[in-house]
Amino acid sequence: MTKRRGSPLAWGLLGVGMLYLLVPLLATFQFSTQIQAARGIPISFLAYNNVLSAPALAESFVFSLRTALITIAVSVLIVVPTAYWINLRMRFLRPVIEFLTLLPFVIPAVVLAFALIRSYNGTDLTNTRDGVYVLMVGAYVMLSFPYMYRSVDTGLQALNIRALTEAAQSLGAGWGTILFRVVVPNLLVSILNGAFITFSIVIGEYTIASLLSQPGFGPYMFSVASRKVYEPSALAMLSFGLTFFTILLIQRLSRGRNVGTAVR
Amino acid sequence: MAQASQTRVQIMTRPPALRRARPAWLSWNWLGVLPFFLFVFAFQFYPSLSVVVRSFLSETNAFTFDNINALNNDIILRSYGNTILISLITAAWGGIVGFMVAWAVTIGGLPHWVRTAVLSFSGVASNFAGVPLAFAFVATIGQRGVLTQALKPIGIDLYGGEFTLYGFWGLCLAYTYFQIPLMVLVMTPALDGLRREWREAAQNLGATPGQYWRMVALPVLTPSILGALALLFANAFGTHATAFALVGGGGGQTLVVTLMVGAQFTTDTFANPGLGNALALGMIVVIGVTIFIYSFFRRRAERWMRR
């Protein structure tokens with residue numbers, strides 16, 4: 001194969017696009033280091049120090065981390081058996097599932113939060129603390145379904161699950177053993193892939209968390225903006241770093257496969 | 001390849017003749033998918049359906065068109081108009097720039113490491129939205145932003161005229177940030193699907209590069225492009241966090257529809273609870289139609305995709 005070097009036109013077009021994507025990042029980084037510029041220190045990481053040492057940051061981050069883990073667990077527990085069963089026994093349901101996993105794109109987060117609050121108004125789901133938390137996790141699980149389902153489904157397509165199932169059954173395995181000791185280990189990469197996408201959706205999510213008055217990391221970041229000048233840009237850089245790290249992990253896991261992207 | 005394995009599975013799943021006695025839709029198999037359907041029903045279908053139904057109910061639960069008619073209000077119509085315009089503009093900007101980048105890393109023949117890096121970065125950037133994205137834009141082209149300050153000495157004053165980051169055009173600039181990488185991610189596989197043989201065949205038949213693009217490549221790509229633009233439109237239309245972090249609260253509350261729906265939580269802006277439902281219904285209808293267009297074009301585009 002000849003070495004690809006690309007025409008000047010290709011480099012130029014790439015440059016235009018990358019300029020738009022990189023300039024805000026570089027500018028944000030520069031802004032975040034200006035906190036002591038008035039005192040004659042042109043580059044300072046004090047803003048990062050301030051951000052990371054605030055106890056409220058750790059609290060809200062742990063809250064969102066816990067929420068993300070619960071969301072991932074629920075999503076995996078529902079999606080894996082369903083996708084397995086549909087691929088094994090009910091393939092005629094595939095178009096229905098495809099439609100259902102498109103729904104989160106049709107119903108944006110703000111509408112979903114509004115609909116949940118209005119439709120369960122007056123029940124324990126909206127009147128108690130735990131109830132609202134359940135609503136939030138439910139909404140996040142819905143947002144995760146398209147990515148989790150597609151990831152797991154792609155993984156299942158690559159396996160001969162019929163043969164695996166029959167082999168396990170002929171050795172005397174029950175459904176639980178088949179699912180957790182045969183299917184899940186074979187799907188580990190797909191599940192992790194879906195889990196990381198879910199993590200990156202949930203961890204900094206603002207709309208649902210704030211509309212349901214939950215003390216998440218997203219609402220915390222927002223609250224910083226009204227009190228501080230330089231700290232928000234430091235938070236933006238840290239948040240970008242977190243997203244970067246998560247997506248890189250996903251891509252390492254699923255080399256050569258399409259990368260999921262969270263549509264908002 | 002996927003097709004071959006699919007037909008094989010279909011043949012294997014055909015039940016033996018004896019089991020045909022019971023229709024396929026009536027079986028214990030449904031129990032296996034029950035949890036999934038119950039969950040979707042509880043957290044998506046029922047709430048959305050209830051919004052749709054309540055849009056047509058008065059406060060005494062009688063059928064009415066009042067809520068829908070109430071949408072015919074200058075503030076609301078302007079808000080829907082703004083949202084549609086912002087979605088169109090950012091889909092166009094993001095679509096054009098994203099297509100150019102996708103072209104550069106596929107047909108443009110840039111080295112493989114560039115392609116890998118661009119696609120990875122696009123995965124990250126398309127997920128970089130909401131509050132942090134708003135912060136980044138404030139730090140860049142806010143009143144004290146780095147780029148704003150850097151442009152002043154060379155005679156460009158961003159805030160000399162009408163422009164503000166915390167308004168219509170500010171939202172356009174910020175949304176474009178996640179639209180470009182989304183377009184790159186969606187178009188790259190489509191451009192990969194353009195086969196070298198088609199270009200060679202066209203050349204052998206005496207076509208110029210212009211003719212090849214006009215008569216072969218573009219017709220093949222059109223469904224992918226239109227589908228991608230629909231996706232970008234829907235993506236922008238439903239964006240709430242980025243908009244709220246930039247213009248939210250105060251006078252910006254009615255700039256885009258997502259903000260108006262969000263505002264229904266704290267106050268009934270129009271002192272009419274039914275109107276919130278109608279606002280949400282309007283959004284569902286607009287995005288629903290867009291996603292329908294998207295999946296229509298997507299199915300047509302898949303014919304040409306290499307799997």
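As a basis for the values below, the full set of heavy atoms in this structure was taken, side chains included, without hydrogen atoms, waters or symmetry mates. Numbers restart at 1 for each chain; the letters A, B, ... are given by sequence-line order, proteins then strands. What you see is a predicted model, and the numbers here were worked out from it, not measured in a lab.
The choice from A:Leu116, A:Leu77, A:Leu248, A:Val96 that makes the most heavy-atom pairs within less than 4.5 Å of chain B is A:Leu116. Ranked by heavy-atom pairs under 4.5 Å with chain B, the list A:Val141, A:Leu26, A:Val79 is led by A:Val141. Chain B forms the most heavy-atom pairs under 4.5 Å with one residue out of A:Phe114, A:Tyr230, A:Trp175, and that residue is A:Phe114. Per-residue heavy-atom pair counts under 4.5 Å with chain A were compared for B:Ser120, B:Pro181, B:Pro35, and the maximum is reached by B:Ser120. Counting heavy-atom pairs closer than 4.5 Å to chain A, the top-ranked of the candidates B:Leu173, B:Thr140, B:Val124 is B:Val124. Each of A:Pro81, A:Ser239, A:Pro24, A:Gly204 has some count of heavy-atom pairs under 4.5 Å with chain B, and the biggest count is that of A:Pro24. Contact count against chain A (heavy-atom pairs under 4.5 Å) is highest for B:Ala139 among B:Ala245, B:Gly288, B:Ala139, B:Ala241. Of the listed residues B:Ser295, B:Gly108, B:Gly145, B:Ala102, the one with more heavy-atom pairs under 4.5 angstrom with chain A than any other is B:Gly108. Listed options A:Gly15, A:Ala109, A:Pro104 were ranked by heavy-atom pairs under 4.5 angstrom with chain B; first place goes to A:Pro104. Counting heavy-atom pairs closer than 4.5 Å to chain A, the top-ranked of the candidates B:Val105, B:Leu281, B:Asn277 is B:Asn277. Of the listed residues (B:Ala280, B:Gly262, B:Pro111, B:Ser122), the greatest number of heavy-atom pairs within a distance under 4.5 Å of chain A belongs to B:Pro111.
Panel note: side chain B:Thr148, backbone B:Arg144; no donor-acceptor pair is recorded below 3.5 Å.
Note: A:Tyr206 and A:Phe222 have tilted aromatic rings, judged against thresholds of 30 and 60 degrees for the angle between ring planes. B:Phe137 and A:Tyr20 have tilted rings, their planes meeting at an angle from 30° to 60° on a 0 to 90° scale. Aromatic ring pairs are classed by plane angle as parallel below 30°, tilted from 30° to 60° and perpendicular above 60°; the pair B:Phe36 and A:Phe145 is tilted.
For B:Ile141, no part sits under 4.5 Å from any heavy atom of chain A, backbone or side chain. At a 4.5 Å heavy-atom cutoff, the contact between B:Phe121 and chain A is made by side-chain atoms alone. Both the backbone and the side chain of B:Ile284 have a heavy atom closer than 4.5 Å to some heavy atom of chain A. Heavy atoms of B:Thr176 lying under 4.5 Å from chain A belong to its backbone as well as its side chain. Proximity to chain A (any heavy atom under 4.5 Å) is shown, for B:Leu110, by both the backbone and the side chain. Only the side chain of B:Val114 comes within less than 4.5 Å of a heavy atom in chain A; its backbone stays farther off. If you measure heavy-atom distances from A:Tyr120 to chain B, the contacts under 4.5 Å come from the side chain alone. With a 4.5 angstrom heavy-atom cutoff, A:Leu21 touches chain B via backbone and side-chain atoms both. In this structure, the portions of B:Val33 lying under 4.5 Å from any heavy atom of chain A include both its backbone and its side chain. Contacts of A:Pro219 with chain B are absent, with no heavy-atom separation under 4.5 Å from either backbone or side chain.
In terms of heavy-atom proximity, A:Met148 sits nearest to A:Thr198 at CE-OG1, 3.9 Å. Between B:Ala236 and B:Tyr175 the shortest heavy-atom distance is O-CE2, 3.5 Å. When all heavy atoms of B:Val186 and B:Ala228 are compared, the pair lying nearest together is CG1-CB, 3.8 Å.
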Listing, residues 37-50 of chain B side-chain donor-acceptor contacts under 3.5 Å, not counting sequence neighbours, or none:
unit_1	atom_1	unit_2	atom_2	d
B:Ser48	OG	B:Gln44	O	2.4
B:Ser50	OG	B:Arg54	NE	3.3

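A donor-acceptor pair shorter than 3.5 Å can be found between the side chains of A:Tyr84 and A:Thr165. Between the side chains of A:Ser144 and A:Ser75, a donor-acceptor pair is found at a separation under 3.5 Å. Between the side chains of A:Arg162 and A:Asn87, no donor-acceptor pair of N or O atoms lies under 3.5 Å.
No more than 12 heavy atoms of other residues, nucleotides or ligands shown are found within 6.0 angstrom of CD1 on A:Ile43.
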